[in-house]
Amino acid sequence: MQSSNIVQPQQKNTIMQLLEKYKLDGRNNKMSLTAGIYMDETGESPILDTVKVAERFLVENQTCKAAFNMTGDVDFHRAVKKVVFPYFTEVEKKEICVIQTLGASGAINLIGQLVNQYAPLSRIWVSNPTWENHEPLLGHHLGGICHYKYVAENNKASVSKIMEDLQYSKPGDYVLFHASCHNPTGIDPDLYQWTELAKFCKDMRLIPIFDFAYQGFAYDLEKDTEVFGIFKQNVDDFIVCNSFSKNMGLYDERVGALSFIFTDQEKTNSWLQTTKRLIRSSYSIPPIHGGAVASHIINNDLLFKQWGEEVSGMRKDLERRRSDFFSALDCVGMKEDILDFDKQNGMFVCLKLTEEEIGTLREKYGIYMLDSGRISIASLNSKKIPMLCEAIKKLRV
Ligand code: LMR
């Protein structure tokens, strides 16, 4: 059976298992296209210049590492409001509650526990396909996970297909959206479509949750947040889980945030207190270093500007790689065969290959991709593109 970028089959290998298998593979010309980690042409995940500046600043100026704050530092909260909610007024920003978390994954995991506590009978709707770790992270919620179809039609996200499934939701259900660079498809709704979805959520009384792991990789840091301005105008409550793993290259520092955008401040406070209890009973306090790096960069105007340029550099590089890869596929006559959609945002491209073909690429050529056919072009440098295209071609001759 052919896999496609539409339906996510049960994965035989997780991303982590594939990374481990890749490490153990002794071949010199092996290629790992599994994880969404930005690698430069040398195959390294670079440390951004702004991060180095911030880290040097911290070495020289940080006076204490015992703030002992379960929700992170106020400077970090200020930074998140500045970068994730630039379209909010100062008054609206004040009403947002930001909590530092262990990446966006940590925020999503807390959401599973919070929804289970506050709305045990509500379902959480996730896209099909979605990131393989969404459902495990939400696993604390016992009210059930449902799926809505996520596909492209006419080279755009199909909002009608999303709504077709969400019409079976009940008021008070939660729906997880990817704010930009949908993982794995790379298909994003445009602003008109986000407005349609926001109005739909309002009418159906659904509470949107946004996973925002790829800020800056679709258009730019600011434009990628426009969706939140739209939802602010349309719904009473929504939640954002954002990450600085990709856009600051702070993967291993685990730095992200959970933001509650609720109109009722009593509700905000109640969710905050519960979140603090959940944090205290699991990891107690978040690691402060990554948060301090992120806030130093964002709260300093010069560094903020420089960081924006660094993110643009990575985004443009991904665009170039994607376009080089598609041209190379075209040259070997395979583009039409293995691609349904070619307007992806972000790090991923889904290839229409069978599981058997994906297994052959792994065993015979040392080319590692997810069983669903998702590849990360963030690890696909110029030298590897011809090798990959030739190997794909050989599968079908
Ligand atoms: C991915 O989808 O590859 C990334 O989000 C990395 C991860 O943690 O899975």
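For the numbers below, each heavy atom of this structure counts, side chains included, while hydrogens, waters and symmetry mates do not. Order of appearance sets the numbers: ligands from 1, and atoms from 1 within every ligand.
A side-chain donor-acceptor contact under 3.5 Å links N381 to the backbone of K384. A donor-acceptor pair under 3.5 Å is absent between the side-chain atoms of N116 and the main chain of G112, judged by distance alone.
Contact annotation for H134 and ligand 1: no heavy atom of the residue comes within less than 4.0 Å of the ligand. Neither the backbone nor the side chain of I37 comes within contact range of ligand 1; no heavy atom lies under 4.0 Å.
Contact atoms of ligand 1 toward I15: 1 (C), 2 (O), 3 (O), 9 (O) (distance under 4.0 Å to a heavy atom of the residue). Atoms of ligand 1 lying under 4.0 Å from at least one heavy atom of Y214, given by number and element, are 4 (C), 5 (O). In the vicinity of G36, heavy-atom distances shorter than 4.0 Å reach the ligand 1 atoms 1 (C), 3 (O), 4 (C). The ligand atoms of ligand 1 that sit less than 4.0 angstrom from a heavy atom of A35 are 3 (O). Counting the atoms of ligand 1 from 1 in the order shown, those under 4.0 Å from a heavy atom of F348 are 1 (C), 2 (O), 3 (O).
Among all protein heavy atoms, the one lying closest to atom 5 (O) of ligand 1 is K246 NZ, 3.2 Å. Remark: minimum distance from atom 8 (O) of ligand 1 to any protein heavy atom is reached at W131 CZ2, 3.6 Å.
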Check against salt bridge (charged side-chain N to carboxylate O under 4.0 Å, His left out), E20 and K23: CA-CA 5 Å; E20 278 163 22; K23 264 191 211 146; over 6 Å; no

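Under the 6.0 Å distance and 45° angle rule, K93 does not count as a cation-pi partner of F85. Within the cation-pi definition used here (under 6.0 Å to the ring centroid, within 45° of the axis), R374 qualifies as a partner of F348.
With W307 as the fixed residue, the side-chain contact (heavy atoms from CB on, under 4.5 Å) test singles out one of V53, L48, L302, V51: L48.
Residue R374 places a heavy atom under 4.0 Å from ligand 1.
Of the charged side-chain nitrogens involved, none lies within less than 4.0 Å of a carboxylate oxygen, so that E363 and K30 do not count as a salt-bridged pair.
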